[in-house]
J.: 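Please see the structure below; I have some questions.
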Amino acid sequence: MATLDWSDLQIFMAVAQTGQMARAAHRLRTDATTIGRRLRRLEASLGQTLFERTRQGQVLTEAGEALLARVEDMARAAAPLTELGPATDGPTGTLRISVSEGFGSWFLAKYLPEFLTQYPGLTIDLVANSGFLSPSKREADIAVLLSRPKSGPLVARKLTDYHLRLYASKGYTAALPQTPADLAQGHRLIGYIPDLIYAPELHYLDEIHPGLTAHLRSSSINAQHRLIAAGAGIGVLPCFMGDNDDTLTRVLPDSIITRTLWLVTHRDTQGLSRVKAGKDWLVGITKAKSGDLVSAEKLR
């Protein structure tokens with residue numbers, strides 16, 4: 001790294017952590033004009049663009065992410081020797097986590113308040129929908145994926161296994177099937193829209209019995225859950241959803257599907273303090289609550 005003014009690096013770190021020059025100026029008790037001028041000087045010294053300017057504020061470039069990791073390490077090393085500015089309780093800035101719709105809304109959402117209590121300086125973007133944002137394209141800081149990426153500048157590790165089962169409403173009017181083959185006889189099956197499935201791991205019905213097809217379909221696992229709960233048919237749900245709904249009952253309890261969740265980050269940003277905190281928390285919470293993810297064999 002070229003010889004740089006430490007105060008310029010502090011300004012850079014404040015903008016990176018807050019996401020806006022105005023917020024960084026407020027934290028450092030200066031003005032946005034000074035912040036902008038010092039950033040331009042730092043970029044000129046390095047010969048690199050550190051931020052992209054957007055309507056929402058400043059977004060780190062690849063060079064900016066790499067610099068932030070080094071500057072945060074320097075700040076931690078210097079903290080015992082000098083006061084660096086207003087104290088912060090752990091990492092700050094925005095942490096964007098991309099997860100599947102069901103895992104985000106039925107599992108992580110329950111425990112995120114505890115994480116924010118531990119790290120009050122963070123802002124969490126929980127992107128939980130049908131599809132994933134890409135860490136390799138810097139769309140997310142952390143992604144929890146259904147398969148391990150095969151390429152790209154990524155670091156992946158197994159996060160946890162989880163189970164899925166067949167469920168029906170307790171008010172389901174037809175007699176429940178006794179074998180997988182019975183599902184094809186007089187039962188309406190609920191599942192995904194085949195050409196809108198965003199991951200091959202979401203093909204469930206063939207694993208239960210070859211040739212099964214859904215006749216009531218949705219791209220949303222939450223919509224499928226509501227349909228099952230309304231008595232519209234039988235469908236596959238993650239156990240962290242189905243077992244936590246007292247209106248549902250398991251169908252064919254010996255039929256269990258296992259899937260794996262993978263924790264994925266960009267190799268250049270995995271060392272950032274906010275990303276480290278997020279990874280450690282995800283590993284810890286899935287281990288602590290593994291009973292919600294890998295279901296008990298006994299009937300409810």
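Numbers here simply count residues along the sequence, with the first being 1.
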J.: Look at the side chain of Gln58 and the backbone N and O of Met21, then say whether any donor-acceptor pair between them is shorter than 3.5 Å.
T.: yes
J.: Check this for me: does any side-chain nitrogen of one of Glu43 and Arg53 sit under 4.0 Å from a carboxylate oxygen of the other?
T.: yes
J.: Over all heavy atoms of both residues, which pair between Ala175 and His187 is shortest? Give the atoms and the distance, please.
T.: O-CE1, 3.0 Å
J.: Do any N or O atoms from the side chain of Asn244 and from the backbone of Met241 form a donor-acceptor pair under 3.5 angstrom?
T.: no
J.: With a 4.5 Å heavy-atom cut-off, do Thr260 and Leu159 have their side chains touching?
T.: no
J.: Among all residues two or more places apart in sequence or in another chain, which pass the ring pair (Phe, Tyr, Trp, His ring centres under 6.0 Å) test with Tyr192?
T.: none
J.: Is there side-chain contact between Leu248 and Ile228, with heavy atoms separated by less than 4.5 Å?
T.: yes
J.: Between Glu201 and Arg148, is the closest basic N to carboxylate O distance under 4.0 Å?
T.: no
J.: With a 3.5 Å distance limit and no angle check, can you tell me whether Thr49 reaches the backbone of Phe51 through a side-chain donor-acceptor pair?
T.: no
J.: What closest approach, in Å, do Leu183 and Leu189 show between heavy atoms, and which atom pair accounts for it?
T.: CD2-CD2, 4.0 Å
J.: Does Ile221 offer a backbone N or O that forms a donor-acceptor pair with the side chain of Glu101 under 3.5 Å?
T.: yes
J.: What residues form a side-chain contact (heavy atoms from CB on, under 4.5 Å) with Ala168, not counting sequence neighbours?
T.: Tyr172, Leu176, Ile234, Val251
J.: Just checking Lys110: does its NZ atom have more than 12 heavy atoms from other residues, nucleotides or ligands closer to it than 6.0 angstrom?
T.: yes
J.: Keeping Asp206 on the side-chain end and Gly211 on the backbone end, is there a donor-acceptor pair under 3.5 Å?
T.: yes
J.: With sequence neighbours left out, write down each residue that passes salt bridge (Lys or Arg N to Asp or Glu O under 4.0 Å) with Arg23, or none if nothing qualifies.
T.: none
J.: Applying salt bridge (Lys or Arg N to Asp or Glu O under 4.0 Å), name anything that partners Glu52, two or more places apart in sequence or on another chain.
T.: none
J.: State, with a plain yes or no, whether a side-chain heavy atom of Leu237 is found less than 4.5 Å away from one of Leu164.
T.: no
J.: Which pair of heavy atoms, one from Ala25 and one from Ala32, lies closest together, and at what distance?
T.: CB-N, 3.7 Å
J.: Taking all atoms of both residues into account, what is the closest heavy-atom pair of His266 and Pro135, and its distance?
T.: CD2-O, 3.4 Å
J.: Counting heavy atoms not belonging to Arg259, are there more than 12 under 6.0 Å from its CZ?
T.: yes
J.: Is the side chain of Arg188 donor-acceptor paired with the backbone N or O of Leu216 at a distance under 3.5 Å, no angle test?
T.: no
J.: Quick one: do Leu126 and Tyr198 end up in the same hydrophobic cluster if we chain Ile, Leu, Val, Met, Phe, Trp and Tyr together by side-chain heavy atoms under 4.5 Å apart?
T.: yes
J.: For the residue pair Thr269 and Glu65, confirm or rule out a side-chain donor-acceptor distance under 3.5 Å.
T.: no
J.: Just wondering, do Phe12 and Val71 contact through their side chains at under 4.5 Å, heavy atoms?
T.: yes
J.: Let's go through Phe107 and Tyr162 carefully: what are the C-alpha distance in whole Å and the side-chain angles of both, what is the deciding distance for ring pair (Phe, Tyr, Trp, His ring centres under 6.0 Å) to 0.1 Å, and is it a yes or a no?
T.: CA-CA 11 Å; Phe107 184 81; Tyr162 70 101; 9.8 Å; no
J.: Decide yes or no for Trp6 and Met74: does some side-chain heavy atom of the first lie under 4.5 Å from some side-chain heavy atom of the second?
T.: yes
J.: With His225, which residues qualify under ring pair (Phe, Tyr, Trp, His ring centres under 6.0 Å), at least two apart?
T.: Trp106
J.: Of all the heavy-atom pairs spanning Ala128 and Ser105, show the shortest one and how long it is.
T.: CB-N, 4.4 Å
J.: Look at atom NE2 of His26 and say whether more than 12 heavy atoms of other residues, nucleotides or ligands are closer to it than 6.0 Å.
T.: no
J.: Are side-chain heavy atoms of Pro149 and Leu145 found at a separation under 4.5 Å?
T.: yes
J.: With distance as the sole test, does Thr286 use its side chain to make a donor-acceptor pair with the main-chain N or O of Leu282 at under 3.5 Å?
T.: yes
J.: Verify the cluster assignment for Leu196 and Leu205: are they in a single hydrophobic cluster under the rule of side-chain heavy atoms below 4.5 Å apart?
T.: no
J.: Trp281: what forms a ring pair (Phe, Tyr, Trp, His ring centres under 6.0 Å) with it, not counting sequence neighbours?
T.: Phe115
J.: Applying a strict under-4.5 Å side-chain criterion to I, L, V, M, F, W and Y, I'd like to know whether Val155 and Leu272 cluster together.
T.: no
J.: Quick check for you: to the nearest 0.5 Å, what is the distance between His163 atom NE2 and Leu293 atom CG?
T.: 10.0 Å
J.: Indicate whether the side chain of Ser220 and that of Asn222 have a donor and an acceptor atom separated by less than 3.5 Å.
T.: no
J.: Is there a side-chain contact between Leu95 and Ile97, using heavy atoms and a 4.5 Å cut-off?
T.: yes
J.: With side chain to side chain contact (heavy atoms under 4.5 Å, CB included) as the criterion, how do Thr94 and Leu122 come out once you've worked through the C-alpha distance, each side chain's angles and the decisive distance to 0.1 Å?
T.: CA-CA 6 Å; Thr94 299; Leu122 285 175; over 6 Å; no
J.: Going by the salt bridge (Lys or Arg N to Asp or Glu O under 4.0 Å) test, name the single residue among Arg41, Arg37, Arg40 that passes it with Asp8.
T.: Arg41
J.: Can you check whether Tyr167 reaches Asp243 side chain to side chain, under 4.5 Å on heavy atoms?
T.: yes
J.: As a quick check of understanding, evaluate side chain to side chain contact (heavy atoms under 4.5 Å, CB included) for Thr123 and Leu116, giving each step before the final call.
T.: CA-CA 8 Å; Thr123 297; Leu116 279 177; over 6 Å; no
J.: Please give me the minimum heavy-atom distance between Ile193 and Ser219, naming the atom from each residue.
T.: CD1-N, 3.8 Å
J.: Taking Asp141 as the fixed residue, which of Arg96, Lys276, Arg274 is the one that meets the salt bridge (Lys or Arg N to Asp or Glu O under 4.0 Å) rule?
T.: Arg274
J.: Identify whether Val59 and Leu39 are in the same connected component of the hydrophobic contact network (ILVMFWY, side-chain heavy atoms under 4.5 Å).
T.: no
J.: Carefully, step by step, assess Arg250 and Leu166 under the rule side chain to side chain contact (heavy atoms under 4.5 Å, CB included).
T.: CA-CA 6 Å; Arg250 291 178 181 175; Leu166 285 160; over 6 Å; no
J.: Run the side chain to side chain contact (heavy atoms under 4.5 Å, CB included) check on Met13 and Leu67 step by step: do they pass?
T.: CA-CA 9 Å; Met13 183 168 60; Leu67 179 62; over 6 Å; no
